[in-house]
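Below you'll find the structure, written out as structure tokens, and then a few comments.
Each ligand, and each atom within it, is numbered from 1 in the order the structure gives. Values below: all heavy atoms of this structure, side chains included; hydrogens, waters and symmetry mates excluded.
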Amino acid sequence: MGSDCLFCRIVAGEIPATIVRETATTLAFRDIQPKAPVHVLVVPKEHYADVATLAQGDPALSAEVLATAAAVAEDEGLTGDGFRLLFNTGAYGGQEVFHVHAHLLGGAPLGPMLARDLA
Ligand code: 5GP
Ligand code: ZN
């Protein structure tokens with residue numbers, strides 16, 4: 001991917017972001033439109049479109065994304081009260097950026113998992 005992908009460009013340093021943690025293979029940065037007091041995106045530096053492609057293509061890298069998310073949760077003081085970690089995937093999942101990213105959300109009660117229940 002590269003220049004066509006927003007998060008590849010953040011990984012490359014071409015677009016600024018507030019980076020909170022970096023490893024050899026992952027990057028964590030604050031969401032530009034936070035939906036909770038803490039809202040951090042965790043990505044693999046290598047481009048995968050979504051979590052299913054990542055999990056099937058590189059299970060070890062999937063684990064590194066989770067480990068980085070857990071470390072950020074610890075750094076941000078979220079582990080005591082809890083947090084939410086989610087991967088929006090595809091059209092029904094509401095995915096807008098097609099470079100896999102975990103949303104780490106916390107810092108306040110987050111409410112129901114979904115905006116509405118099934119009737
Ligand atoms: P998705 O809907 O794909 O799961 O989430 C994409 C997320 O990326 C959204 O929460 C959105 O606010 C965030 N986002 C979009 N553009 C940028 C940007 O340029 N910088 C940062 N830090 N976050 C962005
Ligand atoms: Zn990308």
Worksheet item: So, does Phe7 sit close enough to ligand 1 that a heavy atom of it is under 4.0 Å from the ligand?
Response: yes
Worksheet entry | Ligand-residue contact atoms, ligand 1 with Phe29, heavy atoms, under 4.0 Å | 22 (N)
Worksheet item: Heavy-atom contact under 4.0 Å between Gly94 and ligand 1?
Response: yes
Fill in: ligand 1 N/O within reach of Glu96 N/O, cut-off under 3.5 Å
yes
Discussion item. Apply salt bridge (Lys or Arg N to Asp or Glu O under 4.0 Å) to residues Lys45 and Glu64 and explain how you reach the verdict.
Written reply: CA-CA 11 Å; Lys45 291 182 174 177; Glu64 288 163 17; over 6 Å; no
Response to the item:
For Gln33, the ligand 1 atoms with a heavy-atom partner under 4.0 Å come out as 12 (O)
Item to complete: Identify the protein heavy atom lying closest to atom 22 (N) of ligand 1, giving its residue, its atom name and the separation to 0.1 Å.
Response: Arg30 O, 2.9 Å
Practice prompt. Identify, by name, the N, O or S atom of His99 lying closest to the Zn ion (ligand 2).
Written response: ND1
Worksheet item: Going by the order shown, which atoms of ligand 1 are within less than 4.0 Å of some heavy atom of Gln95?
Response: 3 (O)
Worksheet entry | Thr18 heavy atom under 4.0 Å from ligand 1 | no
Item to complete: State, to 0.1 Å, how close Asn88 and Gly94 come at their nearest heavy-atom pair, and which atoms those are.
Response: CB-C, 4.2 Å
Practice prompt. Begin with the C-alpha distance, continue with both residues' side-chain angles, and end with the deciding distance and a verdict on side chain to side chain contact (heavy atoms under 4.5 Å, CB included) for Ile32 and Thr18.
Written response: CA-CA 9 Å; Ile32 205 167; Thr18 304; over 6 Å; no
Practice prompt. May I ask you to say whether Glu74 pairs ionically with Arg21, meaning some side-chain N is under 4.0 Å from a carboxylate O?
Written response: no
Practice prompt. List the closest protein heavy-atom neighbour of atom 7 (C) of ligand 1: residue, atom name, distance to the nearest 0.1 Å.
Written response: Asp31 OD2, 3.5 Å
Fill in: Any Val100 side-chain heavy atom under 4.5 Å of Phe87 side chain
yes
Item to complete: Give the residue and atom name of whichever protein heavy atom lies nearest to atom 14 (N) of ligand 1, and the separation in Å to one decimal.
Response: Ile32 CG2, 3.8 Å
Worksheet item: Would the His101 and His99 ring centres measure less than 6.0 Å apart?
Response: no
Worksheet item: Taking a hydrophobic cluster as the set of Ile, Leu, Val, Met, Phe, Trp and Tyr residues connected by side-chain heavy atoms closer than 4.5 Å, whether directly or through intermediates, do Tyr48 and Val65 fall within one such cluster?
Response: yes
Worksheet item: Under 4.0 angstrom from ligand 1, any heavy atom of Ile15?
Response: no
Worksheet item: Under a 4.5 Å side-chain heavy-atom rule over Ile, Leu, Val, Met, Phe, Trp and Tyr, are Val72 and Ile19 clustered together?
Response: no
Worksheet item: Gln95 and Thr89: side chain to side chain donor-acceptor pair (under 3.5 Å), yes or no, with the steps?
Response: CA-CA 5 Å; Gln95 186 177 2; Thr89 305; 4.8 Å; no
Worksheet item: Identify the closest protein heavy atom to atom 5 (O) of ligand 1: which residue and atom is it, and at what distance?
Response: His101 NE2, 3.0 Å
Item to complete: Select one of side chain, backbone, both or neither to describe which atoms of Leu6 lie under 4.0 Å from any atom of ligand 1, heavy atoms only.
Response: side chain
Item to complete: Would you check if the distance from the ring center of Phe7 to the ring center of Phe29 is below 6.0 Å?
Response: yes
Item to complete: Have a look at His47 and say which of its N, O or S atoms is nearest the Zn ion (ligand 2).
Response: ND1
